[in-house]
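These notes concern the structure reproduced below.
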Amino acid sequence: MAIRSGAQIIWESLMQEGVEVVFGYPGGTILPAYDAMLSYPSIHHVLTRHEQGATHAADGYARASGKVGVAVATSGPGATNMTTGIANAMLDSSPIVCITGQVGTSVIGSDAFQEVDVTGVTLPITKHNYLVRRVEDLAGILREAFHIARSDRPGPVLVDIPKDVQIARCEFVYPDTPFTRPRHRSAKPLTEQLERALEWIHKAERPVILAGHGVLLSGAIDELREFAEKTQVPVALTLLGLGVFPAQHPLCLGMMGMHGEAYANRAVQSADLLIAMGMRFDDRVTGNLKTYAKQAKKIHIEIDPSEIAKNVRVDLPILADLKAVLEQMNPRVVPGKYDAWRAQIAEWRAETEARDIQQFDQSDKLLAPHVINDLWAATGGDALIVSDVGQNQMWEAQYYRHDSPRSLITSGGLGTMGFALPAAIGAKFARPEAEVWVTVGDGGFQMTMPELATMMQEKLKINIAILNNGFLGMVRQWQEFFYERRYAATPILSPDFTKIAEAYGIEACRVTRRADVIPTIQMARQTPGPMLIDFRVEAEEAVYPMVPAGADLHEMIRRPAPVNS
């Protein structure tokens with residue numbers, strides 16, 4: 001058996017897990033691990049400019065690849081800087097392992113320099129966490145950490161390793177199998193539930209599938225499409241579900257919820273059966289729970305027992321892996337008689353599309369929806385888009401038509417501004433052949449703008465589209481609709497982003513006219529290195545439709561019909 005230090009065990013364990021890249025920032029208590037890293041050149045370390053950036057990059061890597069992302073930081077502020085990224089991964093079920101240094105075991109609890117109880121801090125925002133007190137336990141803990149991060153409903157795991165544990169030595173054997181915890185199972189036989197589900201599906205007259213991120217996590221992309229096409233049931237998508245069912249498929253209703261398609265929300269509210277697949281009935285999807293889909297029976301296929309009936313009471317919970325459930329159901333489903341239902345949805349869709357700003361001549365203005373629509377057209381819908389949070393995120397979701405899985409990476413549950421740029425760095429490492437675009441507002445971009453240096457140091461071809469409206473746009477929109485246009489603290493001053501980009505050695509330009517959008521996007525695509533485009537869009541454009549917080553899902557604020565110029 002080989003004798004290894006704890007620091008060496010970290011890297012050897014990562015190699016055993018197939019890790020090829022880690023994102024991190026060194027410091028005193030993690031220094032033994034960084035010193036040992038030089039002996040493991042097969043693992044590429046990416047020096048981010050902030051530990052939050054490292055965690056978002058690991059998250060982006062995980063979402064783009066389906067593998068576990070890894071982030072490394074020192075103790076104290078290094079570890080606490082990671083917490084936003086960890087919480088983001090937790091709410092979006094993204095598998096990452098965060099490794100942090102800690103003060104020596106002999107001084108834990110003494111308020112030593114840069115000591116923080118990071119396992120206590122992160123307990124509510126990790127799937128599991130560890131404080132390693134013995135070097136002999138380190139390999140087994142890392143083995144288990146990766147297993148927990150990727151299994152069942154994925155999520156973040158943190159491993160806190162004191163400095164003396166990194167220095168200590170022991171015999172190293174990487175466990176063949178991890179310790180596995182018992183899983184919760186449904187109390188009722190699964191066959192009974194499936195029989196009832198099939199009966200309800202075949203009797204329904206106005207069914208709708210609600211597809212979420214869990215479809216991707218389960219690997220049930222093909223099974224969902226087979227189910228929808230066999231039954232002819234329309235599919236509405238959550239934000240994180242975009243791409244799990246092709247946007248341009250005739251059965252696709254697009255995104256539902258607060259800023260979803262009006263016809264999708266009306267379909268949900270009028271349905272007599274909702275089949276929820278890998279989604280958790282988030283408040284941004286449901287609106288007022290008292291009036292949510294009152295006419296519909298609800299089937300909920302979900303792997304996490306804590307999500308069953310947490311927000312919405314369902315009539316038939318199926319606690320199981322979605323892919324396994326669909327594999328059993330698909331051979332037995334048949335097309336429904338939904339002619340009247342399809343006609344009604346088509347009528348709602350036509351009414352919605354008549355209000356779409358793309359239908360009106362607005363050539364004298366540069367509007368954010370036009371920019372996103374033109375980006376979709378210019379890239380043929382084949383780019384990997386990493387969107388930030390706010391209005392830019394909703395416009396991307398509405399106007400970039402995602403036909404393939406893992407083509408959109410964004411922060412859903414936590415809504416983390418500043419997520420996009422570092423997450424795109426991770427995504428590009430996961431899929432170096434992909435055309436990667438960042439779509440971001442001027443506010444969110446300034447939160448993690450220093451990661452431009454990371455992008456350049458790593459020589460990554462990532463294009464950046466800033467939708468620059470001079471406001472914290474989504475907050476401003478709420479102030480416009482609900483606070484009588486009292487714009488408190490939402491006007492935001494920004495630097496000249498083109499000069500900032502040039503300071504980092506990045507090609508950059510500014511666009512103020514609609515006619516220049518596609519030519520500039522094509523120029524960015526043809527530029528060998530990264531390019532930043534500062535789109536100066538209309539300042540007070542709003543995202544439509546919008547379901548006010550707490551309102552009924554069908555009570556949407558709709559876009560006023562634009563007047564032709």
What pair of heavy atoms forms the shortest contact from [X] to [Y], and how long is it?
X    : Y    : answer
L472 : A489 : CD1-O, 3.8 Å
A320 : V325 : CB-CG2, 3.7 Å
L532 : F445 : CD1-CZ, 3.7 Å
P405 : L216 : CB-CD1, 3.8 Å
P32  : G28  : CD-O, 4.1 Å
G101 : I30  : N-CD1, 3.7 Å

Is the closest side-chain heavy-atom distance between [X] and [Y] below 4.5 Å?
X    : Y    : answer
T238 : M256 : yes
Q479 : R486 : no
Q8   : R169 : yes
N463 : T527 : no
I464 : M455 : yes
I43  : W11  : yes

Subject >> Salt-bridge criterion met for E302 and K310 (N-O under 4.0 Å) >> reply: no
**OP:** Decide, yes or no, whether a salt bridge links D92 with R63 under the criterion of side-chain N to carboxylate O below 4.0 Å.
**Re:** yes
Subject >> Worked check of side chain to side chain contact (heavy atoms under 4.5 Å, CB included) between E17 and V97 >> reply: CA-CA 11 Å; E17 292 293 338; V97 169; over 6 Å; no
Looking just at side-chain N and O atoms, do [X] and [Y] make a donor-acceptor pair shorter than 3.5 Å?
X    : Y    : answer
T448 : Q52  : no
T119 : D117 : yes
T439 : N392 : no
T498 : D534 : no

At what distance, to the nearest 0.5 angstrom, does [atom1] of [X] lie from [atom2] of [Y]?
X    : Y    : atom1 : atom2 : value
M394 : M258 : CE    : CE    : 9.5 Å
I466 : R510 : CD1   : CZ    : 10.0 Å
S93  : D304 : OG    : CG    : 7.5 Å
I409 : L242 : CD1   : CG    : 13.0 Å
I161 : I10  : CD1   : CD1   : 3.5 Å

Subject >> Parallel, tilted or perpendicular, as decided by the 30° and 60° cut-offs, for the rings of H128 and Y130 >> reply: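 Judged by the thresholds at 30° and 60°, the geometry between Y130 and H128 is perpendicular.
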**OP:** If the plane angle is over 60° it's perpendicular, under 30° parallel, otherwise tilted; pick one for F281 and Y292.
**Re:** perpendicular
Could you pull out every donor-acceptor pair under 3.5 Å between side chains of residues 419-436 and any protein atom, sequence neighbours left out?
from : atom 1 : to   : atom 2 : distance (Å)
K428 : NZ     : P432 : O      : 3.1
K428 : NZ     : A434 : O      : 2.7
R431 : NH1    : R406 : O      : 2.7
E435 : OE1    : R525 : NE     : 3.3
E435 : OE1    : R525 : NH2    : 3.0
E435 : OE2    : W437 : NE1    : 2.8
E435 : OE2    : R525 : NE     : 2.8

**OP:** Just do the side chain to side chain contact (heavy atoms under 4.5 Å, CB included) check on I9 and C170 with the steps written out, would you?
**Re:** CA-CA 9 Å; I9 289 172; C170 71; 3.7 Å; yes
Original post:
With a cut-off of under 6.0 Å to the ring centre and 45° to the axis, is R4 in cation-pi contact with F172?
Top reply: no
**OP:** Flag yes if more than 12 heavy atoms outside L38 fall under 6.0 Å of its CG atom; otherwise flag no.
**Re:** yes
Subject >> Steps toward salt bridge (Lys or Arg N to Asp or Glu O under 4.0 Å) verdict (K499, E502) >> reply: CA-CA 5 Å; K499 291 184 178 179; E502 289 166 3; over 6 Å; no
Subject >> Stepwise side chain to side chain contact (heavy atoms under 4.5 Å, CB included) check, N311 with V285 >> reply: CA-CA 11 Å; N311 298 322; V285 166; over 6 Å; no
Subject >> The single option from E451, E458, Q457 passing side-chain hydrogen bond (donor to acceptor under 3.5 Å, both in side chains) against T454 >> reply: E451
Original post:
Taking H45 as the fixed residue, which of Y40, F23, Y34 is the one that meets the side-chain contact (heavy atoms from CB on, under 4.5 Å) rule?
Top reply: Y34
